[in-house]
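The figures that follow rest on heavy atoms only: side chains count, while hydrogens, waters and symmetry mates do not. Predicted model, so just to flag it, every value in this text is computed and none were measured.
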Amino acid sequence: MVELVKVDEDIWEVPQSYKPDMKVPGRIFLSDKLIKDLEDGSIEQVANVATLPGIQKYAMAMPDAHIGYGFPIGGVAAFDLDTGVISPGGVGFDINCGVRLLKSDLKVEDIRKDADNLIERLYHNVPSGLGSESKLRVSDTVLNEVFEKGARWAVENGYGVKADLEHCEENGEMKGANFAKVSKKAHERGRSQLGTLGSGNHFLEIQYVEKIYDEQVAKAFGLEEGKVTVMIHCGSRGAGHQICTDYIKVLEKASRKYGIKLYDRQLACAPLSSEEAKDYISAMAAAANYAWANRQVISHWVRETFNDYYKSEIKMDLLYDVAHNVAKFEEHDINGKRVKVCVHRKGATRAFAPGREEVPVAFRNVGQPVIIPGSMGSASYVLVGTQKAMETTFGSTCHGAGRVMSRHAAKKEVRGSEIKKELLEMGIIVKAPKDSAIAEEAPEVYKDIDDVIEVVHRLGISKKVARLVPIAVAKG
DNA sequence: ATGTTC
């Protein structure tokens, strides 16, 4: 196993000499404390990614990194448009898994007594769990619209307001999506799941702003200490999963066809200029749009639930919606030149600096809101994108706490009923379909979110704005 | 993450 070289505080390098075909070195952003939890396999995966054609600067891993399919989760890699590739493994199975944060005007002390009832209703109104089906049934024609318009489809059909769209990455609508590139099977899986949370670490959480770190940015984001927020963490469900599965096969063939040497079969990819890559990109965009529509529909039901419960219109503005599993075409400064590259972020969040045109006008002078969900029962964070991120990580940061124990191991090691009790003693209500779902997501199977955030803050690849603490959580 | 096995 390769020795990591510490090049600076919180920065570790996988030397380019480790594998003969590495085009660039690897960079892993980790504190001395967190490096103990880093699996050897993650380092190997970073090195493997560095062998792919056209990769720029470094193959990177954020402090929440762990082993994933081909690329590590927490991985960032940018590829040159002429010489580089795109890989479904660099995006992930849950295409455009992401997080959004709704801001209410309610105060934490006013809502405590209602939390039990509220989460019960939210749990009822937003279907969750493995294979969960929506109360919304869409026709083929409508589903195609969802694939191509994303959150805009939802807003145009009464699920939310126009302002919501301005507060999503890509306005909740990735261009270039083509439903014709989505298989029949993916269509079928998508039809019944629009407006569902899913399972695993996906959740819907009532929280409050416990602490503000940056008054000026918090003000620009409209965050106030003691105010209630709602966080929604989910993705593209079975549709995105099927699209990923379908295109891994296509790109495995393409890898052979174009003679790309793969250190790991899971790195299947195709040159960005190829037909296979273009098809995957069109389908990936469709999945991304499905995920945005999904989070938008869920947001609408959350608003409805609160309004109905309090018998009045509760302010529930969208702060922002981030995608942490997607590949995007962006301009970055590389070797003194501004070039367009394809940035893969898999379990990594865009953290764009002030001034970037991708950042909504309302936040353009402070930077992009970065929303980082904690594990169940732990804090979540709002951060802000920085120039340092642009220079160091192609404008990227971490996406969460990151696992330290597999789902399988967690189910054996941890008792869900115990966790539920412990959380309740801490004042956190958990609603889940079964106790084993709670065990898989227990706080102790994740790294400490505060440690992960400390690293990205100290590195400056995003800066702390606010810490959010859970009150009640509904999960799949 | 996922109708957890083409």
What is the distance, rounded to the nearest whole Å, between atom [atom1] of [X] and atom [atom2] of [N]?
{"X": "Tyr247(A)", "N": "dC6(B)", "atom1": "OH", "atom2": "P", "value": "19 Å"}
{"X": "Phe93(A)", "N": "dT2(B)", "atom1": "CZ", "atom2": "P", "value": "12 Å"}
{"X": "Asn294(A)", "N": "dT2(B)", "atom1": "CG", "atom2": "C1'", "value": "14 Å"}
{"X": "Ile95(A)", "N": "dT2(B)", "atom1": "CD1", "atom2": "C1'", "value": "12 Å"}
{"X": "His202(A)", "N": "dT2(B)", "atom1": "NE2", "atom2": "P", "value": "5 Å"}
{"X": "Lys475(A)", "N": "dT2(B)", "atom1": "NZ", "atom2": "P", "value": "10 Å"}
{"X": "Ile73(A)", "N": "dT2(B)", "atom1": "CD1", "atom2": "C1'", "value": "13 Å"}
{"X": "His408(A)", "N": "dT4(B)", "atom1": "NE2", "atom2": "P", "value": "16 Å"}

Once you apply a heavy-atom cut-off of 4.0 Å, does [X] come out as touching a base, just sugar-phosphate, or nothing?
{"X": "Gly240(A)", "result": "nothing"}
{"X": "Glu133(A)", "result": "nothing"}
{"X": "Gly235(A)", "result": "nothing"}
{"X": "Glu188(A)", "result": "nothing"}

For dT2(B), does either OP1 or OP2 sit under 4.0 Å from a side-chain N or O belonging to Thr245(A)?
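Checking Thr245(A) against dT2(B): no side-chain N or O falls below 4.0 Å of OP1 or OP2.
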Phosphate oxygens OP1/OP2 of dT4(B): is one of them under 4.0 Å from a side-chain N or O of Arg407(A)?
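Checking Arg407(A) against dT4(B): no side-chain N or O falls below 4.0 Å of OP1 or OP2.
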To the nearest 0.5 Å, what is the distance between CG (Asn325(A)) and NE2 (His399(A))?
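These two atoms lie 6.5 Å from each other.
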As an exercise, state the distance from CD1 of Ile86(A) to NZ of Lys278(A), rounded to the nearest 0.5 Å.
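Going from the CD1 atom of Ile86(A) to the NZ atom of Lys278(A) covers 12.0 Å.
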Heavy-atom count around Arg265(A) CZ within 6.0 Å, excluding the residue itself: above 12?
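12 or below, so no.
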When you look at NZ of Lys103(A), are more than 12 heavy atoms from neighbouring residues, nucleotides or ligands closer to it than 6.0 Å?
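Yes, NZ of Lys103(A) has more than 12 neighbouring heavy atoms, counting only those of other groups under 6.0 Å.
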If you pin Gly200(A) and Leu130(A) to their nearest nucleotides in DNA chain B, which one's is more 5'?
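Of the two residues, Gly200(A) wins.
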Member of Arg256(A), Lys257(A), Lys253(A) meeting the salt bridge (Lys or Arg N to Asp or Glu O under 4.0 Å) criterion with Glu276(A)
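Running salt bridge (Lys or Arg N to Asp or Glu O under 4.0 Å) over Arg256(A), Lys257(A), Lys253(A) with Glu276(A) returns exactly one hit, Lys257(A).
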